[in-house]
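The structure appears right after this line, and notes come after that.
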Amino acid sequence: MACHPSVARPSIERLPQWDERLRNYVEETKEVPRVWGQTDCALWSIGAVDTMCGTDLAGRYVGLWDSPATAGAYLQANGWRTLLDPVVELVGPVLEAGALHVALGDLVYVPTDDGLGGLGVLYGRVILPHHDKAGFRTVFLEAALRVGGCVVPIGDRR
C-alpha cells in the first residue's frame, strides 16, 4: 500500500514488546480523568504512540489548550481543520486507497459534533478516551493512522 506522495513518512517505529507496552499504558491510564491540554483524547492517543515507539511527541503539545474552544483555536492558528491533520504530520500520511486494514495499536480518528474530531487507539476494540472523565468508549471509525506507517481512510471525510 503506497502512502500519499506529498507527505514524507515520519521515521518512527514500534519498539520490541510494543504490544505489552500498550497494554500497560491502557491499564495505567484508564482511570485518569481527561483534562483538555493534559490528558485529552489527542494527547492520550499520542502518548500511546510515545509508549509504543519510545518517542516524545505528546510533550510538545501539553498545556497549549485547555478547552474545546482553545484546542480549536490552536488547530486553526496552525492551519489545521481537525485533530487528524496534526496527527498525520506526526505519525504518517494518508493512503490513497480506502481499504480497511486497521491493526492493534493503530490510532483511530472519529468525527465529533464540535468539529475537532476524536482520537483513540485500536486495542482489541476501538477505544477512545472520554473528553471529560476517566475511562473509554467504543466508537465508529472515520480514519485510522498506522503507527509507523500510513493513515487508512475509512469513509468519506468531507
Side-chain angles (χ1 to χ4, degrees), residues 7 10-94 102-154 157:
V7 181
S11 60
I12 61 172
E13 297 296 329
R14 295 183 193 196
L15 297 170
Q17 288 93 35
W18 64 267
D19 52 341
E20 183 177 329
R21 293 164 144 283
L22 176 60
R23 184 174 31 261
N24 291 338
Y25 179 76
V26 169
E27 286 302 313
E28 291 166 5
T29 61
K30 70 181 176 184
E31 298 300 324
V32 174
R34 303 299 164 216
V35 177
W36 283 95
Q38 305 293 322
T39 56
D40 56 57
C41 68
L43 292 172
W44 181 87
S45 298
I46 297 302
V49 172
D50 289 341
T51 297
M52 291 185 290
C53 301
T55 54
D56 184 24
L57 303 172
R60 69 182 87 172
Y61 298 102
V62 172
L64 295 180
W65 52 85
D66 59 10
S67 68
T70 57
Y74 179 80
L75 290 171
Q76 188 174 29
N78 285 281
W80 299 315
R81 293 178 311 142
T82 70
L83 289 174
L84 183 60
D85 297 329
V87 174
V88 166
E89 290 182 18
L90 288 173
V91 176
V94 177
V102 184
L104 178 67
D106 287 348
L107 296 185
V108 294
Y109 171 81
V110 296
T112 57
D113 291 339
D114 60 15
L116 297 175
L119 292 173
V121 175
L122 185 68
Y123 179 74
R125 60 189 166 144
V126 174
I127 59 172
L128 185 75
H130 287 286
H131 282 301
D132 57 354
K133 61 183 178 182
F136 306 111
R137 58 193 166 110
T138 303
V139 296
F140 293 101
L141 297 180
E142 181 166 312
L145 297 94
R146 172 71 24 94
V147 174
C150 299
V151 175
V152 181
I154 307 292
R157 292 193 354 232

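Source: prediction; values computed, not measured.
For the side chain to side chain donor-acceptor pair (under 3.5 Å) test, no residue two or more places apart in sequence or in another chain qualifies with E28. With sequence neighbours left out, the side-chain contact (heavy atoms from CB on, under 4.5 Å) criterion links Q17 to E20. In this structure W18 satisfies the side chain to side chain donor-acceptor pair (under 3.5 Å) test with no other residue, sequence neighbours excluded.
Taking CG of N24 as the reference point, atom OG1 of T51 lies at 9.0 Å (rounded to 0.5 Å). Rounded to the nearest 0.5 Å, atoms CD1 (I12) and OG1 (T55) are 5.5 Å apart. With values rounded to the nearest 0.5 angstrom, C41 atom SG is found 9.5 Å from R34 atom CZ. Between the CG atom of L15 and the CZ atom of R21 there is a distance of 4.5 Å, given to the nearest 0.5 Å. Atom CG of D106 sits about 12.0 Å away from atom OG of S45, to the nearest 0.5 Å.
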Let me check something: any side-chain donor-acceptor pairs from residues 57-70 under 3.5 Å, sequence neighbours excluded? List them with distances.
from : atom 1 : to  : atom 2 : distance (Å)
W65  : NE1    : D40 : OD2    : 2.7
D66  : OD1    : T70 : OG1    : 3.0
S67  : OG     : A69 : N      : 3.3
S67  : OG     : T70 : N      : 3.1
S67  : OG     : T70 : OG1    : 3.2
T70  : OG1    : D66 : N      : 2.7
T70  : OG1    : S67 : N      : 3.0
T70  : OG1    : S67 : O      : 3.2

> Run the side chain to side chain contact (heavy atoms under 4.5 Å, CB included) check on L90 and I46 step by step: do they pass?
Replying inline: CA-CA 9 Å; L90 288 173; I46 297 302; 4.3 Å; yes
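With W44 as the fixed residue, the side-chain contact (heavy atoms from CB on, under 4.5 Å) test singles out one of L119, T39, T29, V32: T29.
Annotation: side chain of V91 is in contact with side chain of L107 (closest heavy-atom distance under 4.5 Å). In this structure the side chain of Y25 never reaches within 4.5 angstrom of the side chain of M52, judged on heavy atoms.
Of all non-hydrogen atoms in D114 and L116, the two that sit nearest each other are OD1-N, 2.9 Å. Here the shortest heavy-atom pairing between A48 and L22 reads CB-CD1, 4.1 Å. Between G117 and T112, the closest heavy-atom pair is N-OG1, 2.9 Å.
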